[in-house]
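Report on the structure given below.
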Amino acid sequence: MTVNDLPLKDPDAVWPSLEELLAETHVVSIPLNTKFRGVRHREAAIFLGGNRPSEFSPFLEYHVPEAATWLAAALNYGYGPAVEQTRPTVPVNATVPAIQPEEIPELITRYGNPDQLHTVKVKVAERGENLATDIARVRTVRDLLPHAKVRIDANEGYSVAAALELLTEIANVELEYAEQPVAGIEDLARLREQLRARGIDTLIAADEAVRKSADPLRVAQLGAADLIVVKAQPLGGIRRARAIITEAGLPAVISSALDTGVGINMGAALAASLPELPFACGLATGALYVDDILTTASAESLYAVPGRLAPTEIAVDPEKLRQYAAAPEREQFWRERIRACFSQLLATGEN
Ligand SMILES: [Mg+2]
């Protein structure tokens, strides 16, 4: 089976017409605490016309065919049936971006009580950074939080040689896993093989190789990773993500693409629906937002348990939608994008 055998439209969802969708679309731009992919605001289109709020927020540089899959996810979730849950809450990891090691203690306080930080993801391999800073960042987190699981994410930023050097250097840190240290499925497989040849058993996670590949299932077929990172939006939604996890036969880490609370709730619903959830989810990125668009009651319910998320039927605060409404030209950009992606889905027979 390839991923293209999985339809983008959930057969149980009743998608609206483009006009109906656009009539209930709100484009927001929410300030972030930190720079993410070069920006300090996160833009998202929020759909309010369905059974529940849903979010369409592909990264700005993504073109139509890729972004259309994200739109399918938002339509399937917003206009589809409720997702059955096998657990009430899901564990989530904290994230340390590629900041200087001395900035880390302050950042960690934003996640609340450090004793409740069970899992931390450290970003490494940022452009313009060097291996020594990456190693120092990982060691700083390890020392500050000796009881926590520490994972790293390189976002494809290393060469095989650099990844090998780093993972050898920090082999004694006992990483939970190393996420997408190098680009592409073949290089992941090569790196993993060379690590094992050196007797280093650090687990390798595939993220971009799953999200961007024409066929995410090749990751499992080539033995390129020990686990896969799965995001509901880029894979076309909850049902499709679940099918890919089942087919891959590897443990999955459910994560988000720095979504607003609306997208986070969808990710949490996916995680809560899985039969097994061996790793904490990358869904605590709300901490990187200055504010969110959920009602206070929804946010309190979603974030009720420290270090965990409780997916729920959320509501969006109309006042926040007004406060964070995107500038007219950005709103126009997103409406055009929705139009183009919707046409793409129609053209491929997904409606
Ligand atoms: Mg990642």
Side-chain angles (χ1 to χ4, degrees), residues 32 34-39 42 57-62 66 69-70 73 90-99 107 119-127 129 134 137-138 141 148-160 162-163 166-167 170 175-185 187-189 191-192 202-213 216 218-220 224-235 241 244-245 248 250-259 263-264 266-268 270-271 277-289 309:
L32 302 173
T34 182
K35 227 176 186 182
F36 177 81
R37 298 174 81 100
V39 295
R42 182 74 167 110
S57 53
F59 299 122
L60 298 179
E61 70 273 23
Y62 284 12
E66 194 170 7
T69 306
W70 296 55
V90 297
V92 290
N93 69 269
T95 299
V96 173
I99 54 177
L107 177 98
T119 311
V120 180
K121 166 152 120 175
V122 182
K123 289 278 191 180
V124 292
E126 186 99 326
R127 209 182 290 266
E129 289 284 339
D134 286 343
R137 192 179 306 114
V138 175
V141 173
K149 290 177 181 153
V150 178
R151 51 178 81 158
I152 60 169
D153 186 359
N155 295 103
E156 313 182 304
Y158 292 130
S159 63
V160 173
L166 174 102
L167 293 173
I170 59 173
L175 289 183
E176 184 186 32
Y177 60 76
E179 184 172 324
Q180 199 74 45
V182 297
I185 298 174
D187 271 0
L188 271 186
L191 170 67
R192 189 163 165 267
T202 306
L203 299 181
I204 300 295
D207 179 6
E208 284 84 350
V210 173
R211 177 153 45 92
K212 293 185 188 166
S213 165
R218 281 189 68 237
V219 169
D226 302 283
L227 58 134
I228 54 175
V229 177
V230 167
K231 296 171 180 161
Q233 268 207 82
L235 291 176
I244 287 166
I245 293 166
L250 291 175
V253 179
I254 306 305
S255 191
S256 83
L258 197 69
D259 301 349
I264 293 296
M266 174 170 80
L270 165 60
L277 194 67
F279 296 97
C281 306
L283 292 170
T285 47
L288 303 178
Y289 277 85
L309 290 179

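Both counts, for ligands and for their atoms, begin at 1 and track the order of listing. Nothing here was measured: the structure is a model prediction, and the numbers come from that model.
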Exercise. In chain order, what residues pass the side-chain hydrogen bond (donor to acceptor under 3.5 Å, both in side chains) check against D134, with sequence neighbours excluded?
Worked result: R137, Y158
For this session: State whether the side chain of Q233 and the backbone N or O of G263 hold a donor-acceptor pair below 3.5 Å, judged by distance alone.
Result: no
Exercise. With Y177, which residues qualify under ring-ring contact (aromatic ring centres under 6.0 Å, His included), at least two apart?
Worked result: F279
For this session: Report the residue from R151, E176, K149 that forms a side chain to side chain donor-acceptor pair (under 3.5 Å) with N93.
Result: R151
For this session: Count, excluding waters, the protein N, O or S atoms that are closer to the Mg ion (ligand 1) than 2.8 Å.
Result: 3
Exercise. What residues form a side chain to side chain contact (heavy atoms under 4.5 Å, CB included) with L277, not counting sequence neighbours?
Worked result: R87, V90, P91, I254, A271, L274, C281
Problem set entry | Salt-bridge present (D259, K231; N to O < 4.0 Å) | no
